[in-house]
Amino acid sequence: MSASKYIALPAVLCVVLVALAGCIKNNIPYPRIRVSFTAFEVENALQPANIDSVSRTVTVFLNEQADIHNVVVKGFALSPSTAEWADSASFLNGVDMSVAQSTMLSLYQEYEWTIRAVQQIERYFTVEQQVGASVIDVPGRRVVAYVAAGAPMGRLKVTSIKLGGDGAVMSPDLNGLEVDFSKPVEVTVTEHGRMSVWTIYLLTTEATVTTERVDAWSRVAWLYGAGEAGKDNGFEYRRADSEVWMRVPDGDVSGSGGAFSARLTGLSPETTYVARAFSGADRGAEVEFTTQGEAQMPNSDFEQWWLDGKVWNPWAEGSSPYWDSGNKGATTLGASNTFPTDDTPSGRGTAACLETRFVGIGALGKLAAGNIFVGSYVRTDGTNGVLSFGREWSLRPTRLRGWAKYHSAPISSVTTGYEELKGSQDGAD
């Protein structure tokens, strides 16, 4: 039986080894995983929140019943689900969103997000014999309105007034009352337990009707004018090379108080016209305007394509792209799912086929929807595409016309929370 051999280390050497072990550093960095909100819901929302993961901004839209100084978050979701939102408790209890709020999401690193609120409150004020629209200065809590010269300033009837959101209380409530406007009038508006004092100023004007402006498109123009409330207000127009004035149909004219506008249709492109507003027997200044031309969007028939490796591009090789698709992202895991097809209404030429399919393998894959859009594909961020929407276009169409054909199929891939939809028939909405 042989004896085991041991090597004895000096005590000093053992101490050195222990010290070296204590100096070993972990040089492996934490993974860099971008954290995003995928859902964000608040009380009294007017519409779903807009979540911009590129600028890391959440915009919530509040209805008139909401208190923008105390917005309560009803629920939210993060991606990945293991991410954390340290400020969630305070937001779930209600925060002041009259100013944008900064907050942090975290997963290994912190990511700053901005949460802001948009609230549009309809405010108005009209009186008898008013000329034009009232100017409502929300930050200054002021209302300025003009009435015709000679109007009885000491007893003018208020025909409509609303200076706060739904549920706000005005004191005094001037609606329908004859009021002395020979001096400024103050109204206290109370909403959500807070009071604000508004001041109403009435001024006289010699002008009884004004043609304010014309916004001309290709075959349509919008006309804006100001006249005396309660009178016959509208517009007349003619071609610049004609002396015959035509009246815009009353059904195309709308107004509030002394302000009115009209949609003028049936115009010819690249043609000069003249318009004027009228109020009773008075006529405003004549405004000359020229309609825009018409143009077809580049490659709107989707006849031009070229194949760059696996990526189908909706433009001719060597030409300037106008449309783009998500193919650069889809082809990182599979084939292009937006590509040309000869399935067209006429049976001639090509169209764009947008196919939704699962690309990749298992957990590394993703359901990718075929798409085509005006703009450009910027880059791939993980499994998401970063897109730039829109191209410069100076003309303004009133409608777009096209042809679409849809093939339904059973749903084969679902995300967490929608498992019950798997196998059911997809539908086009």
Side-chain angles (χ1 to χ4, degrees), residues 122-138 142-163 170 172-185 187 198-217 220-240 242-267 273-289 291:
E122 183 184 20
R123 295 180 172 90
Y124 49 80
F125 172 81
T126 60
V127 294
E128 290 182 337
Q129 299 187 44
Q130 182 173 344
V131 176
S134 298
V135 177
I136 299 181
D137 174 15
V138 176
R142 298 186 309 163
V143 178
V144 180
Y146 291 88
V147 294
M153 299 290 286
R155 50 179 182 83
L156 277 174
K157 183 179 180 180
V158 177
T159 52
S160 68
I161 181 171
K162 179 176 178 290
L163 300 177
M170 290 185 298
D173 186 352
L174 305 180
N175 194 32
L177 300 181
E178 287 190 347
V179 180
D180 181 4
F181 286 108
S182 61
K183 58 184 180 299
V185 174
V187 175
W198 288 71
T199 306
I200 303 172
Y201 301 86
L202 248 61
L203 307 174
T204 59
T205 178
E206 295 294 332
T208 58
V209 59
T210 303
T211 310
E212 295 187 335
R213 64 187 176 91
V214 177
D215 185 12
W217 292 21
V220 63
W222 279 263
L223 315 178
Y224 299 89
E228 186 174 335
K231 285 191 174 182
D232 179 24
N233 296 324
F235 298 93
E236 297 171 332
Y237 73 101
R238 61 179 174 85
R239 285 177 60 120
S242 172
E243 298 298 324
V244 179
W245 288 94
M246 295 171 285
R247 177 170 172 149
V248 177
D250 292 342
D252 294 332
V253 180
S254 60
S256 174
F260 52 96
S261 62
R263 182 175 184 264
L264 176 57
T265 60
L267 304 179
Y273 294 86
V274 181
R276 66 186 181 189
F278 65 83
S279 182
D282 298 325
R283 297 294 184 269
E286 297 180 6
V287 175
E288 187 175 273
F289 64 94
T291 52

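All values below were derived from every heavy atom in this structure, side-chain atoms included, with hydrogens, water molecules and symmetry-related copies excluded. These numbers were taken from a predicted model, which means no experiment stands behind them.
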- [ ] Can you see which heavy atom on A151 is nearest to which on V147, and at what distance?
- [x] CB-CG2, 4.0 Å
- [ ] Locate the shortest heavy-atom distance separating G280 from K231; write the atom from each residue and the value.
- [x] N-CB, 4.2 Å
Task: Closest approach of A226 to G132 (non-hydrogen atoms, all atoms of both residues) - done: CB-CA, 3.4 Å
Task: Atom of V209, atom of R283 and distance for their closest heavy-atom approach - done: CG1-C, 3.5 Å
Task: Inter-residue atom distance Q129.CD - T204.OG1, 0.5 Å rounding - done: 11.5 Å
Open item on the list: Using the side-chain hydrogen bond (donor to acceptor under 3.5 Å, both in side chains) criterion, which residues pair with T159? Sequence neighbours excluded.
Closed with: T126
Task: Side-chain heavy-atom pair N233, V253 within 4.5 angstrom cut-off - done: no
Task: Nearest non-hydrogen partners of A148 and V131, listed with the distance - done: N-CG2, 3.7 Å
Open item on the list: Strictly by salt bridge (charged side-chain N to carboxylate O under 4.0 Å, His left out), give each pair with a member in residues 243-259 just once, sequence neighbours left out.
Closed with: D232-R247, R247-D250
TODO: Under the side-chain contact (heavy atoms from CB on, under 4.5 Å) rule, what do F181 and V158 come out as? Steps first, then yes or no, please.
DONE: CA-CA 10 Å; F181 286 108; V158 177; 3.8 Å; yes
Open item on the list: Is it the case that atom NZ in K157 sees more than 12 heavy atoms from other parts of the structure closer than 6.0 Å?
Closed with: no
Task: Whether T211 side chain and A277 backbone form a donor-acceptor pair below 3.5 Å - done: yes
- [ ] Name all residues meeting the salt bridge (Lys or Arg N to Asp or Glu O under 4.0 Å) criterion together with R276; count only those two or more places apart in sequence or in a different chain, and write none if there are none.
- [x] E236, E286
Task: Spacing of CZ belonging to R142 relative to OG1 belonging to T199, to within rounding of 0.5 Å - done: 9.0 Å
- [ ] Apply the side-chain contact (heavy atoms from CB on, under 4.5 Å) test between I200 and each candidate in V179, L174, V127; give the one that qualifies.
- [x] L174
- [ ] With sequence neighbours excluded, tell me which residues meet side chain to side chain contact (heavy atoms under 4.5 Å, CB included) with T208.
- [x] D282
- [ ] Have a look at F235 and tell me which of F260, Y273, F278 forms a ring-ring contact (aromatic ring centres under 6.0 Å, His included) with it.
- [x] F260
- [ ] Using atom types as modelled and distance alone, determine if a side-chain donor or acceptor of T205 lies under 3.5 Å from a backbone N or O of Y146.
- [x] no
- [ ] Measure the OG-CD distance between S261 and E212 for me, rounded to the nearest 0.5 Å.
- [x] 10.0 Å
Open item on the list: Any side-chain to backbone donor/acceptor pair from R238 onto W245? Under 3.5 Å, distance only.
Closed with: no
Task: Contact check, side chains of F125 and L202, non-hydrogen atoms, under 4.5 Å - done: yes
TODO: Not counting sequence neighbours, which residues clear salt bridge (Lys or Arg N to Asp or Glu O under 4.0 Å) with R155? List them please.
DONE: none
Open item on the list: Can you list everything that forms a salt bridge (Lys or Arg N to Asp or Glu O under 4.0 Å) with R213? Sequence neighbours excluded, please.
Closed with: none
TODO: May I have the step-by-step check of side-chain contact (heavy atoms from CB on, under 4.5 Å) for N175 and I161, ending in yes or no?
DONE: CA-CA 6 Å; N175 194 32; I161 181 171; 3.9 Å; yes
TODO: Locate the shortest heavy-atom distance separating V220 from R263; write the atom from each residue and the value.
DONE: CG2-CG, 3.8 Å
